[in-house]
Amino acid sequence: MEKKEIMALLLAGGQGSRLGILTKNTAKPAVRYGGKYRIIDFPLSNCINSGIDTVGVLTQYQPLMLNQHIGIGIPWDLDRKSGGVTILAPHVKGGEEMGDWFMGTANAIYHNLEYIDRYDPEYVLILSGDHIYKMDYSKMLEFHKANNCTATIAVLEVPFEEASRFGIMNTLDDDKIYEFEEKPANPKSNLASMGIYIFTWKKLREALIEDNKVHSNSDFGMHIIPKMLADGETLYAYRFNDYWKDVGTIESYWQANMELIKTVPEFNFYDKFWKIYTKTDNQPPQYVGRGAKLQQSIASEGCEVYGEVHSSVLGPDVLIKKGAVVRDSILMENVVIEEGAVVDRCIIDRNNIIGKGAVLGEGENIPNELKPNIYNTGITVVGENSVIPDGVHIGKNCVIYGKTSAEDYPDGVVASGKSVIKEESRL
């Protein structure tokens with residue numbers, strides 16, 4: 001194999017349980033964002049835009065859709081003989097009767113030492129597969145080399161009142177890290193780790209092997225970074241001052257999509273110098289019929305709008321029929337909104353049919369009775385491959401999943417905070 005100066009390891013195996021029904025059958029990095037894209041498109045695009053042409057994608061939970069999306073990496077120019085993109089799943093090693101799940105972020109890298117060693121890199125870039133941002137990793141690498149350090153950790157300034165929710169880097173005046181605190185009750189700093197690391201590979205390799213002797217669930221934040229600091233290794237914080245979003249909850253996912261349709265969006269898809277690439281099918285252009293309204297919204301390829309769409313994000317092949325109204329909502333691919341239906345502040349997953357005259361998202365903001373910690377901000381969610389019958393009324397913070405019928409809706413109503421689940425599922 002050709003030796004590489006730097007290669008990337010993209011951790012894309014997270015379950016994303018706080019996204020509820022959206023990640024029942026889909027890994028979080030494969031969830032759609034901004035209509036035509038998927039969350040993993042952003043770190044992949046950052047890699048190729050930064051000149052990094054060797055990327056290992058570490059998968060674990062529900063990887064099928066993610067694997068199909070990435071394929072051999074053609075959309076990101078990562079279909080290369082030397083390097084390119086490689087899907088790395090948990091596997092059985094020689095002499096083992098069975099394989100192990102990746103048990104932590106660092107443990108996942110440890111299980112793929114052989115893959116990394118094939119390229120004998122000087123440096124490795126560790127990334128999360130579920131954040132929305134644009135970042136030139138080559139500048140971070142220059143910073144790392146200039147400081148001749150073992151590790152460089154990308155950080156973002158967060159409000160001090162929120163710092164206790166993050167891993168916090170405490171630094172000297174030159175941003176050299178002297179202490180790492182995981183979710184400190186009384187933070188000394190507001191420099192939050194973004195989960196983006198550059199390591200000098202020789203040093204990290206040694207640390208992974210040593211730590212595996214002690215921890216089977218080795219994690220960068222909990223084990224590797226604190227041990228490096230204790231051993232006197234040099235670590236620096238690299239400040240990032242642009243848009244970054246962890247779309248880890250229903251509310252943050254909805255909010256990040258809504259930010260795209262502002263008059264001046266905080267996150268710009270239309271930057272010609274830093275394109276976001278994705279896998280797309282050959283679909284017809286979008287069509288807006290006579291008398292239809294499409295206001296301050298994103299409509300992907302293949303959409304047909306005959307009704308009204310206001311402040312919403314439509315994925316590919318969405319059909320809004322005459323008299324239907326969609327407001328403040330996210331509709332993923334192949335969704336049909338039948339005539340006269342109203343969808344307000346909802347997330348509708350792929351392959352769904354919303355029946356004629358159905359009303360979604362009305363009523364009081366009552367948290368969901370089954371999962372109040374996930375569905376509590378007034379957003380109703382319809383899981384993939386679902387059918388909602390004609391004329392039913394569904395409140396806020398509701399979860400609908402499966403091919404439902406009129407018999408599933410007593411009096412034709414699902415009150416706010418209630419759920420209709422047609423098969424056993426994880427909400």
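Each residue takes its place number in the sequence, starting with 1. Predicted model, so just to flag it, every value in this text is computed and none were measured.
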Donor-acceptor under 3.5 Å (S164 side chain, K183 main chain): no

Going by atom types only, do N334 and D317 share a side-chain donor-acceptor pair under 3.5 Å? no

Give a yes or no on whether a salt bridge exists between E122 and K3, defined as a side-chain N under 4.0 angstrom from a carboxylate O. yes

Closest non-hydrogen contact found for A358 with I388 is CB-CG2, 4.3 Å

For the rings on F180 and F220, is their centre-to-centre separation under 6.0 Å? no

Answer with yes or no whether the side chains of T249 and S252 bring together a donor and an acceptor at under 3.5 Å. yes

Can you tell me how far the SG atom of C398 sits from the OH atom of Y375, to the nearest 0.5 Å? 11.0 Å

Find out whether I70 and L44 are in side-chain contact, i.e. whether some heavy atom of one side chain is under 4.5 Å from a heavy atom of the other. yes

Is it true that Y243 and E259 share a donor-acceptor pair across their side chains at a distance under 3.5 Å? yes

Ignoring hydrogens and geometry beyond distance, is a side-chain donor-acceptor pair present between N397 and N368 at under 3.5 Å? no

Would you say T234's side chain and C149's backbone share a donor-acceptor pair under 3.5 angstrom? no

Is a side-chain donor or acceptor of S416 paired with a backbone partner of K396 at a separation under 3.5 angstrom? yes

Within-4.5 Å side-chain heavy-atom neighbours: V382 and I347: no

Quick one: CG on D175 to OG1 on T152, what's the gap to the nearest 0.5 Å? 10.5 Å

From CA spacing to verdict: side-chain contact (heavy atoms from CB on, under 4.5 Å), H131, M194: CA-CA 9 Å; H131 298 145; M194 298 169 64; 5.8 Å; no

Is it true that K176 and D173 make a salt bridge, defined as a side-chain N closer than 4.0 Å to a carboxylate O? no

First locate atom CE of M332, then atom CZ of R38, and finally report the distance between them rounded to the nearest 0.5 Å. 9.0 Å

Just checking, any donor-acceptor pair under 3.5 angstrom between side chains of Q296 and H310? no

Would you indicate whether N186, at its atom CG, is surrounded by more than 12 heavy atoms from other residues, nucleotides or ligands within a distance under 6.0 Å? no

Taking atom NZ as the centre, does K245 end up with more than 12 heavy-atom neighbours from other residues, nucleotides or ligands that are less than 6.0 angstrom away? yes

Check whether more than 12 heavy atoms from other residues, nucleotides or ligands sit under 6.0 Å from atom CD of E364, and answer yes or no. no

Determine whether the side chains of N352 and E384 contain a donor N or O and an acceptor N or O closer than 3.5 Å. no

May I ask you to test the D77-D79 pair for a side-chain heavy-atom distance under 4.5 Å? yes

Give the intermediate values and the outcome of salt bridge (charged side-chain N to carboxylate O under 4.0 Å, His left out) for residues K4 and D120. CA-CA 7 Å; K4 299 288 182 179; D120 189 24; over 6 Å; no

Regarding Y110 and N212, do their side chains bring together a donor and an acceptor under 3.5 Å, going by distance alone? yes

Do D211 side-chain atoms and I224 backbone N/O form a donor-acceptor pair below 3.5 Å? no

Aromatic plane relationship, F199 with Y197 - under 30° parallel, 30 to 60° tilted, over 60° perpendicular: tilted

What I want to find out is whether K28 reaches D246 closely enough, with some N-O distance under 4.0 Å, to be called a salt bridge. yes

Could you check I72 against V85 for side-chain contact (heavy atoms from CB on, under 4.5 Å), going step by step and ending with a plain yes or no? CA-CA 7 Å; I72 60 173; V85 67; 5.6 Å; no

Over 12 foreign heavy atoms within 6.0 Å of CE, M222: no

Under 4.0 Å between a Lys/Arg side-chain N and an Asp/Glu carboxylate O for K418 and E369? yes

Side-chain heavy atoms of Y137 within contact of I52, under 4.5 Å: yes

Answer yes if the side chains of E142 and H144 hold a donor-acceptor pair under 3.5 Å, and no otherwise. no

Are K203 and E206 close enough for a salt bridge, meaning some N to O gap below 4.0 Å? no

Please answer whether the main-chain N or O of G395 pairs with a side-chain N or O of T380 as donor and acceptor at a distance below 3.5 Å. yes

Charged N-O contact under 4.0 Å between D53 and R80: yes

Determine whether a donor-acceptor pair (N or O, by modelled atom type, separation under 3.5 Å) exists between the side chain of S386 and the backbone of G383. yes

Separation between CG (L88) and NE2 (H111), nearest 0.5 Å, reads 12.5 Å

Stepwise side-chain contact (heavy atoms from CB on, under 4.5 Å) check, I348 with L360: CA-CA 10 Å; I348 312 294; L360 282 69; 4.1 Å; yes

Side-chain (S128) to main-chain (G195) donor-acceptor, under 3.5 angstrom: no

Quick one, I109 and V124 - any side-chain contact, counting heavy atoms below 4.5 Å? no

If you round to the nearest 0.5 Å, how far is CD of Q283 from CD of E333? 9.0 Å

May I ask you to decide whether D117 forms a salt bridge with R205, counting only side-chain N to carboxylate O separations under 4.0 Å? yes

Please step through side-chain contact (heavy atoms from CB on, under 4.5 Å) for the pair V381 and Y401, ending with a clear verdict. CA-CA 9 Å; V381 183; Y401 180 74; over 6 Å; no

Salt-bridge present (R345, E251; N to O < 4.0 Å): yes

Using the ring of F267 (Phe, Tyr or Trp, six-membered ring only), decide whether K134 places NZ or CZ under 6.0 Å from its centre and within 45 degrees of its axis. yes

Is it the case that the side chain of S297 and the backbone of S311 share a donor-acceptor pair, with hydrogens and angles ignored and the cut-off at 3.5 Å? yes

Kindly indicate whether the side chain of N49, heavy atoms from C-beta on, has any atom under 4.5 Å from the side chain of D136. no

Judged by atom type as modelled, is there a donor-acceptor pair below 3.5 Å linking the side chain of S329 to the main-chain atoms of R327? yes

Is it true that, when you exclude E161 itself, more than 12 heavy atoms of the residues, nucleotides or ligands shown sit nearer than 6.0 Å to its CD? yes

Looking at E5 and K145, is any side-chain nitrogen of the basic one under 4.0 Å from a carboxylate oxygen of the acidic one? yes

More than 12 foreign heavy atoms under 6.0 Å from CG of N373: is that the case here? yes

Nearest 0.5 Å please: distance from the CD1 atom of I198 over to the CD1 atom of I126. 10.0 Å

Any side-chain heavy atom of V55 sitting closer than 4.5 Å to one from L127? no

Below 4.0 angstrom, N of the basic side chain to O of the carboxylate: do E233 and K202 qualify? no

Does a side-chain heavy-atom distance below 4.5 Å link I40 with L10? yes

Is it the case that the side chain of S300 and the backbone of L314 share a donor-acceptor pair, with hydrogens and angles ignored and the cut-off at 3.5 Å? yes

Output field: ring centroids W76/H69 closer than 6.0 Å: yes

Report the C-alpha separation of R239 and E157 in whole Å, then their side-chain angles, then the decisive distance to 0.1 Å, and conclude whether the salt bridge (charged side-chain N to carboxylate O under 4.0 Å, His left out) test is met. CA-CA 8 Å; R239 293 174 184 257; E157 290 190 21; 2.8 Å; yes

Centroid separation under 6.0 Å, is that true for the rings of F42 and Y33? yes

